[in-house]
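Residues take their numbers from the sequence shown, with the count starting at 1. Quantities reported herein were computed from a predicted structural model and do not represent experimental measurements.
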Amino acid sequence: MNKSPLTLAVGGLLAMAAGIGVGRFVYTPILPPMVEALHLSKSAAGLIASANFVGYLAGALLATMPLPGSRRTWMLGALAVNAVGLAAMGLTSSLTLFLLLRLIAGIASAFALIFASALVLARLAQAGHSGLSAVHFAGVGTGIVASAALVATLSDWRAMWFASAALAVVAGLAVGVLIPADQQASKRAKVEGNAPWPLITAYGLFGFGYIITATFIVAQVRGSRELAQLEPYIWVLVGVGAAPSVALWGALARRWGIVNGFAIAAFMEALGVAASVLWESPFTVIAAAIVLGATFMGLTALGLMAAAGRIAMMTAAFGVGQIIGPIVAGTLFDLTGSLTLPTLAAAAALLVACVLALFSER
């Protein structure tokens, strides 16, 4: 049964919301109460985050290989595994199991992003409605807002994981209805040709730069007496900034060029990330959260658009940056007792990404 372009785009939105917005990023608002209840160090928290990103990298690489079955089957399977993994996080207190579960969840998230994007974006392009890709990518911000708002109503970290799993199940079931089966089951996401190495490196540095603040901004707010009152809202603000950002950056990219748009977004994100620790106040942290949201999904989408069909290759580079980021940040925090140094390292990486992107364009 054929679906309208808008229906497909909404299905993509829900797939991205469940697999990425909830599956990957709900860890950020759950992290502070989880650390407090289980007495986890920042290094352990960073290690759990990095396990998820190792899985994300593995999933991106696996998606480049010939896989049996249809893209839709792999997408729906990934969303199912994602929901089960979220629920299982609330059933244990073992660091080893946390690492394993987030590793598997990372693989599922990568599959959800790659196969949902391959399914939805190709069909929108064939229908002459490529502009609706902004709806598809808005799913990440939508998932962040929905899961952060849900988590903010709960006090127990286990209940937060269970509620997030339920949210992912509802979204996943809707995806099954809204995105029909492949007309050509053998189609899959493929890596074709070679992307310019400066752009690949820039995308990896973007992964390193944004993930440090994305992982620890709620912990930063919780640990400050001046900022603590913002804890229930700060991650919601990231999602609010992210939801419309792809449409905005898509419009700017049409005016300035995709890679130039990527460079500008990386520069803006670097400024926001640095400001959150150099001038720490409620205003700057709120602004940093909104800027982070308004740029990181734009950067993600622009990078994939610039990849021109090499989604898995760029996603792999992104995954490498995300693996290194939380480990470096957690280690530097444990050594210095502050998030200032790791956050400034993140800002520096984003500035280098900006320069490399401009070099790639030339």
Side-chain angles (χ1 to χ4, degrees), residues 21-22 24-46 48-49 140-141 143-157 159-161 164 208-243 245 268-297 325-326 328-350:
V22 181
R24 294 190 64 211
F25 291 118
V26 78
Y27 177 68
T28 297
I30 296 177
L31 176 61
M34 191 173 163
V35 165
E36 192 173 272
L38 300 177
H39 307 291
L40 296 173
S41 68
K42 284 291 190 298
S43 294
I48 295 169
V140 177
I144 288 173
V145 170
S147 58
L150 180 62
V151 163
T153 66
L154 304 170
S155 57
D156 179 68
W157 67 271
M160 294 176 183
W161 284 113
S164 300
F208 175 92
Y210 102 90
I211 199 58
I212 291 175
T213 300
T215 299
F216 292 111
I217 190 170
V218 177
Q220 176 190 355
V221 167
R222 186 184 183 93
S224 169
R225 184 176 301 174
E226 184 183 6
L227 304 174
Q229 74 274 13
L230 297 175
E231 184 183 351
Y233 318 110
I234 200 70
W235 194 242
V236 175
L237 290 173
V238 174
V240 168
S245 65
M268 286 184 59
E269 188 168 302
L271 293 182
V273 165
S276 70
V277 293
L278 292 177
W279 302 281
E280 190 176 85
S281 69
F283 174 79
T284 55
V285 171
I286 288 171
I290 294 172
V291 169
L292 177 67
T295 53
F296 94 87
M297 266 318 299
V328 170
T331 302
L332 290 177
F333 179 92
D334 289 341
L335 290 173
T336 64
S338 168
L339 285 169
T340 299
L341 186 57
T343 301
L344 292 178
L350 289 162

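- E36 pairs by the salt bridge (charged side-chain N to carboxylate O under 4.0 Å, His left out) definition with R222, not counting sequence neighbours.
- Summarising the geometry of S245 relative to A242, their closest heavy-atom pair is OG-O, 2.7 Å, with the distance given to 0.1 Å.
- In this structure, the side chains of V26 and W161 come closer than 4.5 Å at one or more pairs of heavy atoms.
- Counting heavy atoms from C-beta outward, L154 and P33 have side chains that stay 4.5 Å or more apart.
- Of the inter-residue distances, the one linking L350 atom CG with Y210 atom OH reads 11.0 Å to the nearest 0.5 angstrom.
- Side chain of T213 to backbone of V273: no donor-acceptor contact under 3.5 angstrom is found.
- Interatomic distance, D156 CG to I30 CD1, rounded to the nearest 0.5 Å: 10.0 Å.
- Counting all heavy atoms, side chain and backbone alike, V291 lies closest to G272 at CG1-CA, 4.2 Å.
- For A45 against Y27, the heavy-atom pair with the smallest separation is O-OH, 2.8 Å.
- The heavy-atom pair separating P326 from G46 by the smallest distance is CB-O, 3.4 Å.
- For the pair V218 and L31, the minimum side-chain heavy-atom distance is 4.5 Å or more.
- Side-chain contact check for V240 versus V145: some heavy-atom pair is nearer than 4.5 Å.
- Within the model, atoms CD of Q220 and CD of E280 stand 5.0 Å from one another, a figure rounded to the nearest 0.5 Å.
- Considering only heavy atoms from C-beta on, V238 stays 4.5 Å or farther from I234 through its side chain.
- The two residues E226 and P282 come nearest to each other via the heavy atoms OE2-CD, 3.4 Å.
- Of the candidates V22, V236, T28, S147 forms a side chain to side chain contact (heavy atoms under 4.5 Å, CB included) with just one, namely V22.
- F25 and W235 have tilted rings, their planes meeting at an angle from 30° to 60° on a 0 to 90° scale.
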Between side-chain atoms of residues 332-343 and protein atoms elsewhere (two or more places apart, or another chain), which donor-acceptor pairs fall under 3.5 Å?
| from | atom 1 | to | atom 2 | distance (Å) |
| --- | --- | --- | --- | --- |
| D334 | OD2 | S43 | N | 3.1 |
| D334 | OD2 | S43 | OG | 2.0 |
| T336 | OG1 | L332 | O | 2.8 |
| T336 | OG1 | S338 | N | 3.3 |
| T336 | OG1 | S338 | O | 3.1 |
| S338 | OG | T340 | N | 3.0 |
| S338 | OG | T340 | OG1 | 3.0 |
| T343 | OG1 | L339 | O | 2.6 |

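- With a 4.5 Å cut-off on side-chain heavy atoms, L344 and V277 count as touching.
- With hydrogens and angles disregarded, no donor-acceptor distance shorter than 3.5 Å links the side chain of E269 to the backbone of G209.
- You'll find the side chain of S276 stays beyond 4.5 Å of the side chain of T284, heavy atoms only.
- Atom CG in L40 sits 5.5 Å away from atom CD1 in I48 (nearest 0.5 Å).
- The OG atom of S224 sits 8.0 Å away from atom CD of Q229, with the distance rounded to the nearest 0.5 Å.
- To the nearest 0.5 Å, atoms CG (L292) and CD1 (I212) are separated by 11.5 Å.
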